[in-house]
Amino acid sequence: MAQATLGIDFGTSNTAAGIAAADRPWLIELEPGETTLPTAVFFEVSPARMRIGRSATRGLIQGDEGRFMRALKSLLGTPLLHEQRRLGGERLAFSTIIARFLAELKTRAEAQTRMTFTHALSGRPVHFHSADPARDAQAEKDLRACYLEAGFEDVTFMYEPEAALRASPPKAGVGLVVDIGGGTSDFTAFVQEDGCAPRILASHGVRLGGTDFDRQISLDHVMPLLGRGSEIRNSMGGGTLPAPQRLFNDLATWQMIPFLYTRETRRKAEDLLQHAVEPDKLARLVATLEDETGHELAFATEAGKIQANSQQDARIDLKVLERGLSAPLEDMQHCLAPPVASIQACARETLAQAEIDPAAVNRLVLVGGSSLLGAVQQSLQALCPDAEVETQNAMTAVADGLALSAQAAFG
């Protein structure tokens with residue numbers, strides 16, 4: 001089989017891979033009829049095996065015995081990446097789980113193309129950890145090690161918004177690529193003249209993305225139904241105190257959910273229930289931990305967010321907690337105001353680094369599912385009022401750009 005470089009958009013929520021054919025991007029079917037793969041794994045108990053993508057999600061939804069994980073990319077650069085858990089009859093570090101996911105991706109791509117992929121061109125955020133340079137540098141080292149463990153001989157990295165720009169239709173103007181992924185938001189400012197390739201002026205990013213939107217919605221609308229903000233009686237005397245925030249914060253965070261299914265955490269929740277002023281709410285928390293349904297709550301929150309972007313009477317369906325239970329979401333724009341403001345601030349900083357006046361921007365290239373949220377678009381259009389919004393390749397631009405660039409990645 002021919003040897004080649006595989007372009008890989010390894011995302012927090014979804015992953016895609018592709019190559020160039022006749023100078024056009026060709027995304028590979030990683031599952032039948034699908035060119036995107038949920039970045040999710042499910043360790044099934046019997047038979048002991050690791051399932052990925054939609055098969056992993058089905059294992060969770062169908063209630064198969066096992067352990068579901070998502071948003072593993074967010075662990076890169078942190079000590080948690082090298083913590084081990086007993087999964088599928090083995091003790092595995094999360095770095096090895098990522099490597100096995102990438103190895104399965106490689107196997108499927110080779111089976112579909114009849115090529116051998118010795119090298120990878122991988123997308124990466126401008127900053128994995130925007131507030132911690134040491135962790136930011138470590139994250140790329142961690143991801144490189146995962147690719148090598150997966151069987152690739154080498155890997156080159158490309159900023160994701162710059163890859164998206166590579167796949168955008170040529171058009172003269174001053175532009176800003178806004179790529180809002182599951183875990184990060186990334187920006188590239190550029191200028192393009194007629195008949196010329198775009199010239200990149202600055203790239204910048206912040207560790208904030210779609211999963212952070214889900215987290216904020218969950219904290220504001222779902223976690224109060226499990227006891228967040230409830231009063232707990234003081235077991236050593238009179239009075240009450242608010243329920244500790246840490247447990248609810250972790251339960252609302254995709255990548256932290258698997259760490260909550262421990263005897264110690266369940267014992268803490270049961271103690272809170274014993275002293276709760278609102279025991280019905282804390283009973284839901286205890287049941288969620290006992291039944292390990294934290295990810296079901298996260299999926300329900302994500303579905304509510306998507307619904308609320310297109311209708312005013314959206315609700316989060318929480319039947320996994322209790323039959324008929326739901327939470328209204330009519331104030332989502334207000335709920336997401338803080339993270340949206342952070343995204344606008346980072347976009348403004350990118351333009352400042354490029355020495356571009358926001359009023360001079362006439363192209364806003366939006367990439368990633370969360371870039372299509374109404375609150376995000378309104379904020380960006382307020383920053384760049386004269387810009388035309390481009391969304392035609394929002395879901396595939398990064399993968400397409402990596403596919404186009406893969407053939408030249410290793411010379």
Side-chain angles (χ1 to χ4, degrees), residues 1-32 34-41 49-53 55-56 72-73 75-77 81-82 90 92-126 128 137-167 181 186 396-411:
M1 294 192 295
Q3 295 186 351
T5 299
L6 182 65
I8 299 177
D9 177 17
F10 174 59
T12 301
S13 300
N14 294 284
T15 293
I19 58 175
D23 294 324
R24 295 175 64 87
W26 184 71
L27 299 187
I28 298 165
E29 282 195 12
L30 300 173
E31 291 182 322
E34 302 287 350
T35 56
T36 60
L37 185 75
T39 311
V41 300
R49 58 173 176 157
M50 188 183 92
R51 296 157 60 179
I52 73 170
S55 176
L72 291 171
K73 182 180 178 182
L75 300 179
L76 294 168
L81 183 72
H82 303 290
E90 302 178 80
L92 298 173
F94 291 101
S95 58
T96 296
I97 296 170
I98 292 175
R100 291 188 181 181
F101 180 93
L102 294 171
E104 178 62 21
L105 187 77
K106 180 177 185 289
T107 297
R108 294 185 184 189
E110 289 176 342
Q112 287 288 320
T113 62
R114 298 186 180 182
M115 303 172 75
T116 298
F117 293 109
T118 56
H119 296 72
L121 173 65
S122 176
R124 59 150 290 175
V126 178
F128 290 93
Q138 184 61 47
E140 184 178 295
K141 293 179 182 177
D142 288 341
L143 186 53
R144 180 181 300 279
C146 290
Y147 273 104
L148 298 180
E149 187 178 343
F152 290 96
E153 294 177 9
D154 201 0
V155 56
T156 294
F157 294 100
M158 185 176 195
Y159 287 155
E160 288 159 357
E162 295 183 12
L165 181 58
R166 173 77 172 83
D186 298 285
T396 64
V398 173
D400 287 345
L402 292 167
L404 287 167
S405 303
Q407 59 189 345
F410 289 89

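Just so we're clear, the structure is a prediction, and the values are computed from it rather than from any experiment. By convention here, the first residue in the shown sequence is residue 1. The figures here come from the full heavy-atom set of this structure, side chains too, leaving out hydrogens, waters and symmetry mates.
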- Query: Glu140: what forms a salt bridge (charged side-chain N to carboxylate O under 4.0 Å, His left out) with it, not counting sequence neighbours?
  - Reply: Arg124, Arg144
- Message: Enumerate the salt bridge (charged side-chain N to carboxylate O under 4.0 Å, His left out) contacts for residues 94-103, please, sequence neighbours excluded, ordered by first and then second residue.
- Response: Glu90-Arg100
- Query: Once you round to the nearest 0.5 Å, how far does CZ of Arg108 lie from CG of Leu30?
  - Reply: 7.0 Å
- Task: Return the set of residues passing side chain to side chain contact (heavy atoms under 4.5 Å, CB included) with Ala93 (not counting sequence neighbours), or none when no residue passes.
- Result: Gln84, Ser95, Thr96
- Taking side chain as C-beta onward, heavy atoms only, is Leu143 less than 4.5 Å from Val155? no
- The complete set of salt bridge (charged side-chain N to carboxylate O under 4.0 Å, His left out) pairs with one or both residues in residues 12-32, sequence neighbours excluded, reads Glu31-Arg54
- Task: Can you sort out the partners of Tyr147 under ring pair (Phe, Tyr, Trp, His ring centres under 6.0 Å), two or more places apart, ordered by chain and number?
- Result: Phe152
- ring pair (Phe, Tyr, Trp, His ring centres under 6.0 Å) filter on Phe128, not counting sequence neighbours, yields none
- Among Thr5, Ile19, Leu105, find the one that has a side chain to side chain contact (heavy atoms under 4.5 Å, CB included) with Phe117. Ile19
- Message: For His119 and Thr156: C-alpha separation, side-chain torsions, deciding distance, then whether side-chain contact (heavy atoms from CB on, under 4.5 Å) applies.
- Response: CA-CA 8 Å; His119 296 72; Thr156 294; over 6 Å; no
Under 3.5 Å, which donor-acceptor pairs link side chains of residues 6-16 to any protein atom two or more places apart or in another chain?
residue	atom	partner	partner atom	Å
Thr12	OG1	Gly183	N	3.4
Thr15	OG1	Gly11	N	3.4
Thr15	OG1	Thr39	OG1	2.7

- Is there a donor-acceptor pair under 3.5 Å between the side chain of Asp400 and the backbone N or O of Pro25? no
- Does Ser55 have any side chain to side chain donor-acceptor pair (under 3.5 Å) partners at least two apart in sequence or in another chain, and if so, which? Arg51
- Heavy-atom donor-acceptor pair, Asp142 side chain to Gly77 backbone, under 3.5 Å: yes
- Identify, with sequence neighbours excluded, every residue that meets side chain to side chain contact (heavy atoms under 4.5 Å, CB included) alongside Arg166. Leu404, Ser405
- Item | Pairing residues for Ala164 by the side chain to side chain contact (heavy atoms under 4.5 Å, CB included) criterion, not counting sequence neighbours | Val177, Val367, Ala397, Val398
